[in-house]
Structures are given as structure tokens and as C-alpha cells.
Amino acid sequence: MSAETTPLQATGTKPHIVLEARNVVKTYGHVTALDGVDFELRAGEILAVVGDNGAGKSTLIKALTGALHPTSGEILLDGVPIHFKGPLDARHAGIETVYQDLAVAPALDIASNLFLGRELRAPGLLGSLFRRLDKKRMREEARRAMNELKFRLPAIDNPVESLSGGQRQGVAVARAALFARKLVIMDEPTAALGVRETGQVLELIRSIRDRGLPVVLISHNMPNVFDIADRIHIMRLGRRAAVVSPKTHTMNDVVAIMTGAATA
Amino acid sequence: MSAETTPLQATGTKPHIVLEARNVVKTYGHVTALDGVDFELRAGEILAVVGDNGAGKSTLIKALTGALHPTSGEILLDGVPIHFKGPLDARHAGIETVYQDLAVAPALDIASNLFLGRELRAPGLLGSLFRRLDKKRMREEARRAMNELKFRLPAIDNPVESLSGGQRQGVAVARAALFARKLVIMDEPTAALGVRETGQVLELIRSIRDRGLPVVLISHNMPNVFDIADRIHIMRLGRRAAVVSPKTHTMNDVVAIMTGAATA
Amino acid sequence: EDVIVGLVTKTEVNPFFVKMRQAADARAKEKGVKLIARAGKFDGDNEGQVAAIEDLISAGAKGILVTPNNSSGMLDVIKKAREAGVLVIALDTATDPADAVDATFATDNFEAGVQQGSYARKALGDKKAVVAMLDGTPGGTVDTFRHDGYLKGFGIAEGDPSIAGAAITNGAQDKGQIGMENLLSKNGDINAVYTINEPAAAGAYAALKSFGKEGDVMLTSIDGGCAGVRDVKDGKIAATVMQFPYKMAAMGVDAVVEYAATGKKPSGFVNTGSFLITDKPVEGLESKDTAWGLENCWGD
Amino acid sequence: MTTATVSPVETSRSLKSRILGAPSAGPLLVLIGFCLIFALSNPRFLATHNLSIILQQTVIIGVLAIGQTLVILTAGIDLAVGAICVLGTIVAGKLVNLGYDPVLSMGFAILLCTAAGLAAGGLVSGLRLPPFIVTLGILGILTAALRLISEGGAFPVRDPFLAWTGNTMKLGGFVLTYGVLIMFALYAIVWYLLNQTKWGRHVYAIGNNTEAARLVGIPVRRHLLSVYLLAGLIYGIAAWLALGRIPNADPNAMQSANLDSITAVVIGGTSLFGGRGGLIGTLIGALIVGVLRNGLTLAGIDPLWQDLVTGILVIIAVALDQMSRRKS
Amino acid sequence: MTTATVSPVETSRSLKSRILGAPSAGPLLVLIGFCLIFALSNPRFLATHNLSIILQQTVIIGVLAIGQTLVILTAGIDLAVGAICVLGTIVAGKLVNLGYDPVLSMGFAILLCTAAGLAAGGLVSGLRLPPFIVTLGILGILTAALRLISEGGAFPVRDPFLAWTGNTMKLGGFVLTYGVLIMFALYAIVWYLLNQTKWGRHVYAIGNNTEAARLVGIPVRRHLLSVYLLAGLIYGIAAWLALGRIPNADPNAMQSANLDSITAVVIGGTSLFGGRGGLIGTLIGALIVGVLRNGLTLAGIDPLWQDLVTGILVIIAVALDQMSRRKS
Ligand SMILES: Nc1ncnc2c1ncn2[C@@H]1O[C@H](COP(=O)(O)OP(=O)(O)OP(=O)(O)O)[C@@H](O)[C@H]1O
Ligand SMILES: Nc1ncnc2c1ncn2[C@@H]1O[C@H](COP(=O)(O)OP(=O)(O)OP(=O)(O)O)[C@@H](O)[C@H]1O
Ligand SMILES: [Mg+2]
Ligand SMILES: [Mg+2]
């Protein structure tokens, strides 16, 4: 099924669900990373996903984007079951992802990494016939995107491996923000970021939501989560322990559910 | 000069300085990562190092541990100028470090990574003559160390590459804590950690300090920093902008100094 | 059970041995016996040849025909084979000592080199010689025999000032060409070229042609493959020395068949002969023309 | 990080630092250095005719090394370069000798080489086998197949079209074969592909970090297939060039092409671990090997010693390159 | 992650999963499979005498592949294996033929091989040159040096001590040479070093992530040096074993040892990128190659087809291994 089908309209008060996972299981040998997890992302929301280390958050989003194949379970986009064969299919469906391991090519420069897999071609015959890259424009756009995030960076044609940890993360975040058409998933996008840069990225996430795209944000930073999330999906031991609203629950409540000290 | 010389005694009220850097410069081509930075770590303290992304924090600690050679400047251990030829020298001097990139061998298992470079030999002839590793004891110690951090981990002989981001960070942190004899340096040790695990690591850092070893903690998490640090070293543009006390300055003050909006 | 004849050649890289194997195969079919052939991987692959003989003993071969990579490399395994009642015949290259095998059917490579060298010297007339040596793989038994024979026939010693230079070709045409080109760049006066075999000569000719010198250089070779003889006929190579791999192979197979039937073993050295092939004979040297050569050449 | 610019992101590096920092600057200096030494040891070295000879000798390995570079950039290795190229010469030669149209014959032979590349790519990307094993296996298969096709022996190929690439032309006093021009043209085209198109970017990305390439949505398997396919095509063209150099199809030719082409790539500064390096370096690497061989002969070094001197000079060449890189 | 245990860290994996998950399980199954097929095609294959022959044929490449495995585990590659081993045979043979004490001669030859390994290690670790280039250079240097030492030709080496490794003994009806026993002993020793000592751990760590190894304080350069040194020593011992198999010193021998030893390593499941794999796999890989060669001959396969069949079988072997691994 093509992911390009028109979204079902939300009926009544029930909000439209953009991305959904039902009873997804993923095992590695005798390790069960996902133990029948459910997941729902609604249109226009920022959904935070929280949980202890090893709770299965990254595995869950990799299953959602086709980066890995779940052992069992179902994934639906706009209510239609989908089978992403790989991350390429997810990208075609307009889903952009910041993976926890960043997925950058260290030897390539910043601009190349920003446009990796989405390179711009030169205008005119040069581009269409000779398929020439528009390196200049990519460099400029990359510079603009990174400036927008207020990142202090060395020259845009430095290899990514020469960047600081936070700068590298900035590149991956900027990439996802630049190209998303349907929804954005970010796995701990601010883990390595400074105070100022974190603020910028949260700002960016809000602006993405305001463009109408829902965002999945995985984060261990409770203040950030409570600052920005519309709903909070809490993972525990490979399952969804609860989905709560930051308005009805406190940080302590959420941490208690995460660690199993309480239930929703 | 050997780093094993007896420490100078602190005179009067002036506290003893364990590790010191004077006017350290590090340039990469035309990029100046460190622009004449000074640094002082006092005996028995937890010193936080904060700063924007790319401010030069990681470069500074790499210069301190011999992982890179500064372009110019001086580094002193217990008041004695030292020239670490590589991280091995720092380790011999009792300095343990958690690098931001973790420095783990992904294909090796958890226990092997925990004891990498510090392997235990079997007791008796087997160990001394045949240099046989005590794998069992290493596995057990590793399990104990990770349990202490309350990390939920798959089997201890799983390769590190199969771990979640936070679990991997836990391994690197546990390693440094296990082996430090003189001081510990941690570059963003809690960046990928969950709420509970972060708490455990902060606990661990305190217990290291209580064992009498000073700790350098690089972190972007201001609440954590204010929670635990005795002093805060603020980096800005490759220099030390200020050293402040969490008792006299607020988080906003520190962020303002970091971003250049204020001076100490 | 079939009578198994084993054949172990030096390499499969050299057409000479390929033709030898094909001839043995044809003869074996004729005689209704089974041929199992093996070869080393490169000139000097003693280990590969030893392993091949061991495998053939295991396979139950009645007789083994072998062209040893070097004359003393596989004495032990040959001894083992003979002790196991296997007839062992050396083809093309003798062992040292020669009685390590039951019999030897071979050409005298040194003599073949002498023929090549004598022809080149005589054909040059009283011109002052400037010689280029396109060697095979230095250290190989055949390589040494042919090289030394050529010098003897040419009447010069190793290190003679008339030798303009040498190149290692491994008997391959691409390396022969590169070696010749570089030697010509170094010394444009070269007027005689020794080649280890006809592929190397083909490469040398390509180089000479690109230097426009194909007419005035005495290019000679050894082998007697049909491609080589045709090159002589076309005037690319002045002369070549023909050997008879077909003959060696067929005689070898016959001997094994005879041994299987009657238990009779051949013995001693049988020279299968070598002939100088050229259309421009020189006085005092026996030679055959290319018409004869094309009738008797090996290959196609 | 200190930058005086207002914008936090600095502008591009200066031209000078880009040239000195270019990965092929080191090998180029080494090449020039060797040429100078040889020119001093024998003035004939610089004769235009000799330089032209060196170029002609570089053609086959030079072109094969293009394909090898592509494969190595994806963190692979190709042990079937020589075998595939020989396949091309044998098939084209055989068909022409059987009376088929030379253009069609050559075209078919090149197609077959491309197919061999495709087969390698299919096994590498489809079954995810190590390229070393796949190409080693194909080498074995082709070695046997070539002997079967050619019935063991070399045969002359007499056809003006197949030999055309060996014809010479004059370019301002410099004699070049069409083969040399085709080599340069191939370098230019593949350089363009590698450096100016998305396809080339993805080659680097895959070699540098396959998992990242997959995660950002690059169709890694399909891309690998295209790399091996293009490499096969290039080996096929090399077959045409080989027939131009020696109008003779020999199943036993090019035994050392694997090692020679990999050597050119590595001397040229490309990493065997993939993702780092470039095509210009390979061309220079191939030329360094050619210059060494020719220059040592012209210097009158005994061939017995040439291996030794070459061994030392190759190590020195790469050591100099390495040092220049560490400095910058 | 769900674990039923009280402790958050699980206990070790089950024995069964450890055996099936062992990296050499795949190659072992392939080896057994090939043996079965050959046994069916010719009952002579399983004759104890033939099995003993296969072991003897595996000795040299098997031992050389130990050193190759060590080097490859550090993410290197050794193109001088064969040349160093030949150096050992030539030097020992020459000295004995000159009348020196055989034990001292062999000892000196082995020492020289070790020195050659040390030289390679020094260039790789000291100047940080790519192992490919360093060992290629050493190969060139040794190739020339060997021709010069041996004055161009092979020569017989007739000495009972040098040939001792070729003597046979009976082990329960099975005839083995001392060489075979030495090979197994070397495998056992180096296996111990790799798997039971700190030194071995560090070999893996360096190959897996050199920078991490450096940062945790492993003396990477010194360690690399020790690896190449040990490899050289092993090649020297292989020289002794080679003289036991063929009491003849030939400067042109072992030209295919590079490719053969690397093939054994890769078939055995060790990654050419370093840090992953093991020695048991290499032994199995070397045996697979030996079994293929012997088995195909016993099956009476035409040598023209042997390359082809070997090519296909090697690909199949690795493909099966890969699949079994992906399953687990
Ligand atoms: N390839 C793999 N092989 C084996 N186990 C794996 C693999 N990948 C993940 N796991 C295990 O699955 C569990 C979930 O991992 P995951 O990365 O999803 O956790 P996470 O919630 O993202 O944790 P973190 O907050 O630390 O990033 C962990 O226990 C991990 O060890
Ligand atoms: N190898 C290198 N080559 C070139 N520039 C480098 C290199 N390493 C670091 N830099 C530059 O030096 C500056 C300081 O980097 P550093 O990693 O010390 O920052 P940091 O303060 O640790 O940042 P973060 O909080 O993001 O980890 C950055 O601008 C970075 O791009
Ligand atoms: Mg995660
Ligand atoms: Mg940092």
C-alpha cells in the first residue's frame, strides 16, 4: 500500500492517528527488546517517549521507521497497515528520523551529511541531464540551517568527524527538520546539546508542530518533556506502561511509572 | 618527571591543586579549539565544566589526559609539570576518564570492555607464569559493578554493540569509577542516561569524591551541575570565562556567562 | 577399475603445459584409461606439485607423469610414489639426480637455448650485437637452462657489455611488451632479443613495432607453438626452437598403459628433440622451414 | 572555537589550504619527485617518446584501477579485475575471428564483462558476502571458463577496430595512442560521477558508514550493485584497450592485475577500509608504478634488484604522503 | 528488556546458544559437509592415509595463516607471509649447505624471519603506514634479496634436522608427521594467547576500535609491533615445516601463499576489517581449502574445471556460514 493515500479525516472528537503500532514484538536471540508494545501518534501533537535505559525506546522507533523488522506486530500509517522494507520507504512516506547513533558519515563534510540521501541537483540541463549536484546551494542552505539553530560551527566543508559531540548532533537534527513532510521522530536529539542549543532545538520542534507535522520526541530530560510534550508515552520493560498528559501528571508520577514504582 | 612524586602539601588555607593547566592552546589547521585555557582541579572537589557546544570542553580534557598534544601550554599534576605521551601515561598516574565518545570496543563483551587495558589475571602460577586471564572473576566483578549502578543489562557476555545507548554509557562510567586511583574525569557521563540511572551516576560521583578523589564532570545539565558541583568552570570560545561557586551564582548567571551575555 | 594416469604440469598458465595436458587427455581417451591432471599455481609452486602427486597416489594412479618445477623439489614424494608401486616419468624437465624417476622424456632446454643463440648470432652477420634478454622467472630450472644456453650459443658470457639489459616477463606477453618498451627506451640500438617463450616474444614484437623497429631486430624464441610458428612465418619472429609436448605426453601415457598391462617399466632419458624453425636459414645450422613447423607444431 | 566572523558558521576554507589539503597532493609530489630523480639519472627519461611510452604502459592498469577504486571506496575489494578484463579480450577476439562484426563483438564482450561485474555485485549486495570471497570465487570461475573458451592458448586478434585504441595521434609533438585518451576520458567521467553527482556521494557514504547510509535512506544494496556493474563495464573497456596494446588474446594475461590495481589505489591515498580517497590519487598511483618500472630500467638497474628498489620506493612514497598529511 | 531474574544483569548465555553462536560453527559445518560429499563420491577419500595426506598438505598454509590471522585481527593485512617463509628456508638451507650446525642455522633463519616481521611492524606502527603497502614493499625487497642470496636457483637441502618435521609417527593407526603436530601445537598456543591472555584481548580491541584501545591506555604501537613480530616468528617456524615437506629451498616458492592464507582466514569467518573472528575458524578455513583440492582430484574432476568448482564452492561455503549466522 502506498503511504501517499489521503489521510482519513478525524471523525468526531476522536483525533486522527497518524502513526500507530499494535502489539509489536522484537527479540534478539533470547533478549526481548519489545514485548508487545502499542503506540499512537496523533495528528499535530508532540508525543514524548520516555523510559529507563534499555526500556526499548530506540528499538520501537527503529521498528516504526523500517530500520529493523519487528518479530511480530503491526504498524499503521494513517490507519493503513504498512510494511517498510527499509528506512528508504519511511523517507518516501515523508518520515524523517534523528537516530540515537546520529547516522552520519564521519568523513563527509557537514553540508554533505545534511543533504545525505536528499542531495540537490543543479538547475537546468546540468542538473537534469548531467545530474550535477548543486554544491554551492547545499552549502548555503546547510549554513543557513545550522545558523538558524544558532550552532557555532567551523567551516561547513569540515568533515563531521572533526566536530564536537553536540555539533554533530546538531547536524542530524537540522537534517530531520529540513526534510520532514509527514512527521518527525527524534531519538534523544538534545542529549549532547548545551543549554542554549537545547532551547533552540525545542523551539525547532515546536515550529515543526506548528507547521502541522506531529513529532515524536524521545528524551530523558523530564523538564524538557514537560515543557514541550502534549502527551507522554511511558515505556517500561519493552511495553507501553502508560500514556499520560503533562497537565494531569507530575514529573514524579511519570518517573514512578517508568521505574515501576507506580502504575498510571 | 614521573607523575608518581609525592604531592606537594597544601600550604595555609590555599587548597592543594591536583591537576592544573596553564594557557593551553590547541589548534586544528585554522580552527582554534583551545585559545589559552587555564584549569585548576582542587583536592577532594567535584569540579563541573560547562559551556556551549564547541566551547572546547572535550578538547580540554583530552589535553589533560594525554589523548592529544596541546599546541602550547603547560599541564601540572600535583604542581609538577607533566608530559603525558598518551592516555597510557595518564592511566599510570591514576587518572581515569570517561570520554564523550565512550572509547569502547563494540565487538567485545561488556565484561571485556569494563576491564579493557586493566584485565585481571588468574591467581597462582596460571596467572603469573601463563598470564591467564581470570575471566570468571572479571565477569563477576563486571556484573557487580553494573548492578551497583542499577543498570538493567542483558547477559554480561553480550557484545557492547548490542546495548542501548544508555547502557553503553553505563559501561564506560562503571569502568572509570572502578579503576581510578588519583582522579576521575567524566565527559558528559549522563547524557544518554535515564532519570534513575542519572541519579545513580551522580551518587557514584559523590562516593568517588568521598573516597578522596577529585572529579571533573562535564555536563550540560544545569540542575545536575548545581546539585553536585563544588565549583563550576565555565568555558567560552576555547577559554575559561569564569570559575564560580554554585552557592554564589544561580543557573541563570552561569548560562549568561556561558553564552557571553554576562561576565563573572 | 579404470587405469588412472596422473599428470602434474608446472602451471596451467603456460600454453605449453596446457597443450601437453590436452595431448595426454586425447591419448588417454584413445587408450581407454582415465587421466587426472593437476598443475602448480605458478612457476616455483613445488608445494602444489607435491600435493598433487600425493593426491594422485591417494586416488590410486597407476603412473604419474610430472614436469617438475625444479629438478630437486619433489624427490621425496616421487620416492614415495615409486615405493607405492606407481610408475613415475619426468616430462620436459629432468630431475636431479635423473634416476629419481623411472624414465625421462624431455627436451634439452640448454641445447634449445644454444640453438636460439647460435641462430641469432649467425643471422646478425658481422653486425655488432646489442642484446636484450627477456627472461621468464629468474631461478626457475628451465629459465636458467634457456638463458645460459642462449648466451653460450651467442658466444658471450653473463655480464658481457653487449647485453643492453634484461627484464623479467614471467613468460607473459603483457610483461614482455612492457619490458621490451622500457629496454628500447633505454637503448635504441638493441638489435637482438632473447625471449623465454613465444608469448613473451609476441609482447616484444608489439613493443618493437611501436618503436618502428620490428624489421631490424633479431627476435628469437623457444616453444614451437603454432601461434609462434605462424609468427615466424609472418616474419615477426626470426626463428623459434620447437619442442614436442604432444610427443612427451603421448609417450608418457603409452608407457603407463604398457606398465599397467605388462608391468614393464621404461627407463633412461629419451630426448624428444628440438628443432630450429625459420624461413631464413643460416649456414652451418640445421633448421626446418615454417611449412614443416606448421605441420608439427603444437596447439592450433 | 574562536571565529571572528559574525555568522557562527565560517565560510569555506581558503583555496591554498584546499589544494594542500587535497588528498592527492601528497602522491602528486612523490610522482614529481621520482620523475626528477629519474630525469637526472638518465636524460632519456624525459624524452617525449619515453613519457608517451609510460602513459601507454599505464593504460590497462590505470583503467582497471578506476573500477578497483570504486569498489574499494565502498569498503570492498575486487580480485577479479584482471580475469574480467581478459574475459573481454578473449570473447571479443574469438567472435571477431569467427567472422562476426567487430563492433558488435566488442560490444558483446563489454556487455559480458558488465554482467560479470553485476554477478559480483549481486552476490555482495544480495547475499551480503564479503567482496574478497565473492571476487575470489569469480576469479576461479572465470579462470576456468577462459581456458575452456580459448582452449588453453593465446590467439592473435587481427582486426583494425579492435586494435584501434593502439593507434597513435600527435598532440603538439607528443605521440599518444587513442587508448591513452580513452583512459583520461574515463578518469574524467568517473571523477565527475564520484565528485559531482549524488551517486558518487552515496558511494562515499556507503563506504564510510554503511549503517548510516542505510538509515538516511540510501538504497545501499542497489547502489552497491550499480558500483560493481560500472566497474565491470570499465573492465570491459579496458579489454578493448588491452587489445589495442597487444592484438593477441591470452587467457593467461593479467595475472598480476589484482595486486597492481590495488597497489595503484592504495599508493594514491585511498583507504582500504572505504569511504576515504579519490580517483585522482589512483591515476597518480598508477603513474608512480609505471614511472618506477620504466625509470629503474632506464637507470640501468639490474632486474634482479628492481623488485628491491621498487619495494623501498613504494614504502617511501607512501611514508612521504602520510607525513605531509599529518603536517597539514 | 524483560528479564525474569532478580538481578538486573542476566547470567551467562546457555551452553547450546554459545556453541551455535560460536563464530567457527558455520565453517565447521561446511567442512563436514564437504567431507561427506567427497566421501560419497570416492570412498578412498576417507582412507586414513588420505586424511593424513590432507593434514600434511595443510601444514604450511595452515601455519602461515596463524600469523595472517593475527595481522588481520588488528585490521592489517600481510602480503609478505610467503616471502618471509621462503627467506627462512633459503637462509637455513644455505647455512647448512655451507657446513654450519643445522640447529643454529635453523634458529638463525627463524630469527631472521622474526626480524622481517619486526621490520614490518615497525613501519606499520612507527610510521603509521598502511600494512598493505608495508608488506607489499617487504615482499618486493625479499623477492629480490632471495634471488640474490640463492644465486638465482633452487637448491636441495639435505639435513636430517631440517627435514625432521617431515618424519612420520603413528598415532593409533593414523600416520602423522611431526609437522602436523607442530601445526596443532602452534594453533593451541596462539589460541591460548588470543583468548586467554590480556595480549589477545588487546589484539581484538585494537582491530575493533583502535582509537578506543588507545584511549583506554593500551600501548597500541608497541602491541602492533609484538603482533607482527610474533607473526614473523610463526612464518619462520613455517619455514622449518616447509623444509620438512620439501627438502629444497626455492626462491620462487610460495608465491600464492598470500592469497591462500588470506583465503583461509576469510573462509574461517574473520573480518578483513579487524577485531572480529578467531583462530579456530582459520584452521577450519585452511582445511576446507585442502579438502577441496584433494577431494576434487580424487573425484577425478578435470583440472580445467577444478578452479571453477573451487570458486563456486568457496562462495557457497561462505554464503552458508553467513546465513547460519544471520539466523542465530
Ligand atoms: N542488536 C541487538 N542485539 C541484542 N540486544 C539488543 C540489540 N539492540 C538492542 N538490544 C537490547 O534491547 C534492549 C532495548 O534497547 P533500546 O536501544 O531500544 O533501549 P532504549 O530504550 O533506547 O535505551 P536508551 O535510553 O539507553 O537509549 C536493551 O536491553 C538492549 O540491550
Ligand atoms: N579533530 C578536529 N579537527 C578540527 N576541529 C576540531 C577537531 N576536534 C575538535 N574540533 C573543533 O574544536 C572545537 C571544540 O570542540 P570540543 O569537542 O572540545 O567541544 P565541546 O566543548 O566538547 O563541545 P560539546 O559540548 O558539543 O561536546 C569545535 O568547534 C570542534 O569543531
Ligand atoms: Mg535509545
Ligand atoms: Mg564535548
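Computed from a prediction, not measured in an experiment: that's the story for all the values here. Chain identifiers are assigned alphabetically (A, B, ...) following the order of the sequence lines, protein sequences preceding nucleic acid strands; residue numbering begins at 1 within each chain.
When the shell of 6.0 Å around CZ of C:Phe269 is examined, it contains more than 12 heavy atoms from other residues, nucleotides or ligands. A 6.0 Å sphere centred on NZ of C:Lys152 holds no more than 12 heavy atoms belonging to other residues, nucleotides or ligands. More than 12 heavy atoms of other residues, nucleotides or ligands lie within 6.0 Å of OH in C:Tyr259, so this atom counts as buried by the packing criterion.
A salt bridge is defined here as a Lys NZ or Arg NE, NH1 or NH2 lying under 4.0 Å from an Asp or Glu carboxylate O, and E:Arg158 with C:Asp76 meets this definition. Of the charged side-chain nitrogens involved, at least one lies within less than 4.0 Å of a carboxylate oxygen, so that E:Arg245 and C:Glu54 count as a salt-bridged pair.
Interface remark: E:Asn42 contributes no atoms to any contact with chain C (heavy atom separation under 4.5 Å). Using a 4.5 Å cut-off between heavy atoms, C:Ala39 makes no contact with chain E at all. Contacts between E:Leu296 and chain C at a heavy-atom distance below 4.5 Å are absent for every atom of the residue. Contact annotation for E:Phe45: neither backbone nor side-chain heavy atoms come within less than 4.5 Å of a heavy atom of chain C.
Contact of the E:Val59 side chain with the C:Glu47 side chain is not registered, since no non-hydrogen atoms from C-beta on lie closer than 4.5 Å. Using a 4.5 Å cut-off on side-chain heavy atoms (C-beta onward), C:Phe42 and E:Ser256 make contact.
Considering OG of C:Ser58 and CD of E:Gln57, their distance stands at 8.0 Å, rounded to 0.5 Å. Going from atom CE of C:Met74 over to atom CD1 of E:Ile246 covers 6.5 Å, rounded to the nearest 0.5 Å.
In summary, the side chains of C:Asp55 and E:Asn294 do present a donor paired with an acceptor at a separation below 3.5 Å, with no hydrogens or angles considered. Side-chain contact, E:Asn252 with C:Thr137: no donor N or O sits under 3.5 Å from an acceptor N or O.
The candidate from C:Val50, C:Leu75, C:Asp96 with the greatest count of non-hydrogen atom pairs under 4.5 Å with chain E is C:Val50.
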- [ ] Could you go through the side-chain contact (heavy atoms from CB on, under 4.5 Å) check for E:Thr297 and C:Arg38 one step at a time?
- [x] CA-CA 8 Å; E:Thr297 300; C:Arg38 278 272 294 267; 2.4 Å; yes

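Closest approach of C:Ile36 and E:Gly300 over heavy atoms only: CD1-CA, 4.0 Å. Heavy atoms only, all atoms of each residue included: E:Ala299 and C:Lys34 are closest at O-NZ, 4.3 Å.
Within the 3.5 Å criterion, the main-chain N or O of E:Ala253 finds no donor-acceptor partner in the side chain of C:Asn46.
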